[in-house]
Structures are given as structure tokens and as C-alpha cells.
Amino acid sequence: MHNGRAMTTETEPAAAAIARAPSHRPSSWGLGDGRAVPWEYAPAPESRDIVRLKDRYGLFIDGREVQAADGERFASVDPATEEVLAEVARATPADIDKAVRAARRAQRTRWGSLSGRARAKYLFRIARVLQERSREFAVLESMDTGKPIKESRDVDIPLVSAHFWYYAGWADKLEYAFPGRVARPLGVAAQIIPWNFPLLMLAWKIAPALAAGNTVVLKPASTTPLSALFFADVCREADLPPGVVNIVPGPAAIGTYLVSHPGIDKVAFTGSTEVGRIIARSVAGTDKALTLELGGKAANIVFEDAALDQAIEGIVNGIYFNQGEVCCAGSRLLVQESIADLLIDKLKDRLSTLRVGDPLDKNTDVGAINSRAQLEKITELVASGVAEGADLYQPACDLPERGYFFRPTLFTNVAQSHRIAREEIFGPVLSVLTFRTPDEAVEKANNTPYGLSAGIWTEKGSRILAMAQKMKAGVVWANTFNKFDPTSPFGGYKESGYGREGGLPGLHAYVRLEDR
Ligand code: NDP
């Protein structure tokens, strides 16, 4: 390592050089002036005891836990320890057929004809049970995903309940939601969710679908099926009629089968752009409704008049929150040239204070990467950054011996043509670019096939408004980042997908509007 940059030789691949390089401990800690004294935090682990895991879980179809038709199972692994948490039934096409039939029956005979007020009652109950069991869900989510407990406890799970509360509020007000129109449910929704926010993505999809009178068949990601299966238990506790919610863990192929099923009326997908394309092709030519929430490569733009210390916190939250495994992560930092050196120094200092390790420790800032495959993808992309000539910086920190961990990483001297500036890394890796004028910032920010989110840091309100209008992104944050609210629509443009989740547009995605 030299000046924070891993040096490679002709015979040594860049990935090996990164693994070998000793991490860099800056001279100062926290304050940027060398006065702050480093200290160690005592471990503060959250107990796992609140989560009662069974050895095996079935599918949730028609209100009951059932085994897969062929009896096959797969393991869900704790990415921080590499230990198997539980075995989960792997759905087959016959199971999907059964789940779709159950969902259809429930939609036709019960759920679709219930009054909005009655549906709201169930959604309120679900929200309340989730709140009552929030600590259990937070611990479980951290165990299955690798995310820090302070994030699952303070962000994911509160937002999950908030979504159910919010859409419960719409269920009995559908006739006022779209003035002059009658809102009818679409029918049965196939919902496929990713592994980065498993329970939150479930809530984003199930809450509006149920509020509008639809029933659902949901496939969780293979690395994180557990919170969805615990949610099945919440549905039972809330006395939800059988078949309204069906949960079918299984491999990617079962996702393909589900979205192309003729018994489905609507498909909602969150995940990679590549799979989004496959799904869009399979739905094309049918009358299924489709919403896609895909990848991103967001620009976080810092102007020279921004409140720098506040911006540093926003940058850190933008890219290191959830290990950077966030579709709207601020993975490209655009800094005005006049403040670039100062900001990068401050950022390096701040990175040196991030604690990487046990997701269940309340002091942990950066937990485990969700899977070995994702860790390999991040490592490969970081190696490409080094090989293409960008300068790599990683703070000193000892990584746990077991588990899938990656140091918070910062690249400077990045060119727009580098892969780390173009491709979604989905890891704790920030690429820093500079600009001189607002026009150049706009040009660079929009120079991406994605269009999910952007951030703007400046003291001037007029500049925020001018910049926000020019950003080709579905969500623009000003002097903050990664803020979510159930009332606020979320979604992208271009290769980040189409359709919106959250707010009234999120409800719109689950209804057919007819003239009165
Ligand atoms: P995928 O898009 O493959 O997975 C997301 C979900 O789709 C999972 O439930 C997955 O099932 C399912 N799936 C996969 N292939 C198909 C298919 N052909 N038809 C229907 N469903 C399918 O993401 P990965 O997990 O492979 O991650 C790869 C990259 O995608 C990440 O590195 C990141 O860049 C991006 N990503 C973006 C996300 C976002 O929020 N926008 C979320 C997750 C990933 P299974 O788990 O069984 O494979």
C-alpha cells in the first residue's frame, strides 16, 4: 500500500494485492486535527435468544405451513458466521400452481369482496403484531442478512410497520384516493424480493397489494428467506384469511415460473437490472401489470458551500449504510474541485471510525456482506478499480476471521470510464469524482444508464431546486441521503426500472381504475 493505494506487480492480480495490503490507519481519529484519541468499544452484543429458530421451515400456502412437493430443502446461512440458521422448503412448479390457486380462491371468495374497512382492520393488526415483535424481527433480519442490528432495529423494522400502518389507512379510503374513478383490485400479484432489505421489501409489496384487495404469492431471495417465513406467522396471528398471503421460497427458476404463470395478474419485482429485463420480456405481450425496481449508481453531489461535516455524515450514510447493498446508494461522490482535498481528508478520518464486524453488536456500523457470491463480486470490482488506475483507500480495521466481510472502501482519482464509476457494485465502495461547475456536475451525475436516486449538498435553496430538476433520477435528496417514508413514492427511470412503490402511486400500482 502506498498513499492508500494497493500497488500491483505484473505477476500479481489486483485482487490478491488488495487482500495482501495492510490497511491504512490515519494519524488522527475523528476530528481531522490529530487531537482525538482512539478508543476501543466494549462488545455490546444483542442477544439471539429472542429468536426461536426451528431447524426446518415449510412453504406458506393457503394459510398453512407445507413441505415442498418433492420434499427438497435448502439452507439459509448466517453471513457473519457462515453457520446454517435453518433449512427451508424449496418450492417446485407444483407448489407454485397450488399457491396461485389458493391466492385466486381467496381473492374471489373473500378478500376482494371484503369492505375496505374490514381489510384495514387486518392490516392494522399486522402492523401492530410487527411492532410488538419488532425486536425479534430485528435480530432475525440481522442474522439472516448480515446488516447491523442498529439498522434493522432503527430503520428496517420501524419502516416495515409504518408501511402497514400507512396502507391500512388507504384501505377504507379507496373511493377517495382517485377522484372520479373507481379503484378495483388487479387480482393475484406475484412478488419477487431481494436480499438487501428482505422484510422491508416484503412490506413495500404486500401492504399496498392487500389494501387494494389483491392477494399475493411472494418469493423471497434464496439467501434471506427467514423473515418472510416469520411474517407468515404474523399473518396467522392477525387471523388473515387463508390464501391472502402465500410465501414460496425457491431458486431463481421458480421465480421465472411464478412471473410467467397464467394465473397471475400483476408482477412486482425488486432486484438486478439483468433479471428485471428477463421479467419484462416474459411479461411482454400479456395483460399482466408490471412494476420493476432495479439497480442504481447514484450521484451524491457536494458543492463548495455545503456544510461539510453534515455532508460527510450524509456521504457515509449514503454508501456504507447496509454495507452499500442498497439500490439507491450514493456510490458516486461528485465533489466540487475547490473543496475536494479537504473533503476527502475528512472522509478518510471519518472512515477510520467506522466499526466493521458482528452485525449483532450494537456498536457495529458495517456488518457482513450478504453472501459469498456478493463478496466475490465486490472484490472483483474493487480489483478492477485498482487495475484501471484509481487510488484505493481502506481504513485500518481487523475483519472477523469467519464470515463475509469487506472493509469500507474509498476510491479517488476515478475516471468516468472506470468500471467502479459505471457499474453497480452493491458493496461498501465509494468512487470519488470532481467537478468545477454546476453544469459539469449535472452532466456527470446523469452520465449513467441508471436513474434511481441522487443527492445534493449545498446551502442555497435555489441551487437545490435547479439541480433537482435536472437530475434524471426518481428520488432526489437535498442535504440528506437514504431517507425513506411510506408516504413518499420511490422508483426509477431508465435502467432503474419503472413504476413507483410507496405513497399513493404505490397504491395505484395495484388497482385498475374504472369510470364511475
Ligand atoms: P437478483 O436480481 O438475481 O435477485 C433478486 C430476486 O430475484 C431474488 O429473489 C432472486 O431469487 C430472484 N430471481 C433471480 N433470477 C430470477 C429470474 N430469472 N426470474 C425471476 N426471479 C429471479 O439479484 P442477485 O441476488 O443475483 O444480486 C445481483 C446483483 O443485483 C447485485 O450485485 C446488485 O447489483 C443487484 N441487486 C439489486 C437490488 C436492488 O434492490 N435493486 C437487490 C439485489 C440485488 P434467488 O435469490 O433465488 O436467486
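Ligands are counted one by one from 1 in listed order, and the atoms in each one are counted from 1 as well.
- Residue contacts with ligand 1 include Phe269, since one or more of its heavy atoms lies under 4.0 Å from the ligand.
- For atom 26 (O) of ligand 1, the nearest protein heavy atom lies 4.0 Å away or farther.
- Looking at Asp265 and Lys288, no side-chain N of the basic residue comes within less than 4.0 Å of a carboxylate O on the acidic one, giving no salt bridge.
- The existence of a salt bridge linking Arg105 and Asp62 is confirmed by a sub-4.0 Å separation between a basic side-chain nitrogen and an acidic carboxylate oxygen.
- In summary, the side chains of Ser227 and Asp144 do not present any donor paired with an acceptor at a separation below 3.5 Å, with no hydrogens or angles considered.
- At the top of the distance list for atom 12 (C) of ligand 1, counting protein heavy atoms only, stands Ile192 CG2, 3.7 Å.
- For the pair Arg133 and Glu237, the salt-bridge criterion is met [side-chain N within less than 4.0 Å of a carboxylate O].
- Here Glu82 pairs with Arg372 in a salt bridge; the nearest charged N to carboxylate O distance falls below 4.0 Å.
- Near Pro251, meaning under 4.0 Å from any of its heavy atoms, are these atoms of ligand 1: 47 (O).
- Of the protein's heavy atoms, Ala252 CB, 3.9 Å lies nearest to atom 48 (O) of ligand 1.
- The part of Gln374 lying near ligand 1 is the side chain, judged by heavy-atom distances below 4.0 Å.
- Using modelled atom types and a 3.5 Å distance limit, the side chains of Gln131 and Ser161 yield no donor-acceptor pair.
- Geometrically, ligand 1 and Trp195 share a nitrogen or oxygen pair separated by less than 3.5 Å.
- Taking every heavy atom of Pro194 and a limit of under 4.0 angstrom, the matching atoms of ligand 1 come to 42 (C), 43 (C).
- Here Lys266 does not pair with Asp287 in a salt bridge; the nearest charged N to carboxylate O distance is not below 4.0 Å.
- For Tyr510 and Trp170, the ring centers are positioned 6.0 Å apart or more.
- Under 4.0 Å from ligand 1, heavy atoms of Thr256 appear from its side chain as well as its backbone.
- Numbered from 1 in the order shown, with element, the atoms of ligand 1 that lie under 4.0 Å from a heavy atom of Leu294 read 41 (N).
- Contact annotation for Leu258 and ligand 1: no heavy atom of the residue comes within less than 4.0 Å of the ligand.
- Protein heavy atom at the shortest distance from atom 39 (C) of ligand 1 is Cys327 CB, 3.5 Å.
- The aromatic ring centres of Phe231 and Phe164 sit less than 6.0 Å apart.
- At least one heavy atom of Gly250 sits closer than 4.0 Å to an atom of ligand 1.
- Residue Ser222 touches ligand 1 through backbone and side chain together, judged by heavy-atom distances below 4.0 Å.
- At a 4.0 Å heavy-atom cut-off, ligand 1 touches Ile193 through the backbone alone.
- In terms of protein heavy-atom proximity, atom 44 (C) of ligand 1 is closest to Phe426 CE2, 3.7 Å.
- For atom 34 (O) of ligand 1, the nearest protein heavy atom (residue, atom name, distance) is Glu424 OE1, 2.7 Å.
- Ion pair Arg277/Glu495 flagged as a salt bridge, since at least one NZ, NE, NH1 or NH2 atom sits closer than 4.0 Å to an Asp/Glu carboxylate oxygen.
- Ranking protein heavy atoms by distance to atom 10 (C) of ligand 1, first place goes to Lys219 NZ, 4.0 Å.
- When the heavy-atom distances from atom 3 (O) of ligand 1 to Asn196, Val275, Leu218, Val326 are ranked, the shortest goes to Val275.
- In terms of N/O distances under 3.5 Å, ligand 1 is not approached by Gly255.
- Proximity of Lys377 to ligand 1, defined as any heavy-atom pair under 4.0 Å, is confined to the side chain (atoms from C-beta onward).
- A salt bridge does not link Arg402 to Asp78: none of the charged side-chain nitrogens sits closer than 4.0 Å to a carboxylate oxygen.
- Between Glu501 and Lys205 a salt bridge is recorded (basic side-chain N to carboxylate O distance below 4.0 Å).
- The protein heavy-atom contact nearest to atom 28 (C) of ligand 1 is Ser272 CB, 4.3 Å.
- For the residue pair Lys483/Ser488, the side-chain donor-acceptor check at 3.5 Å is not satisfied.
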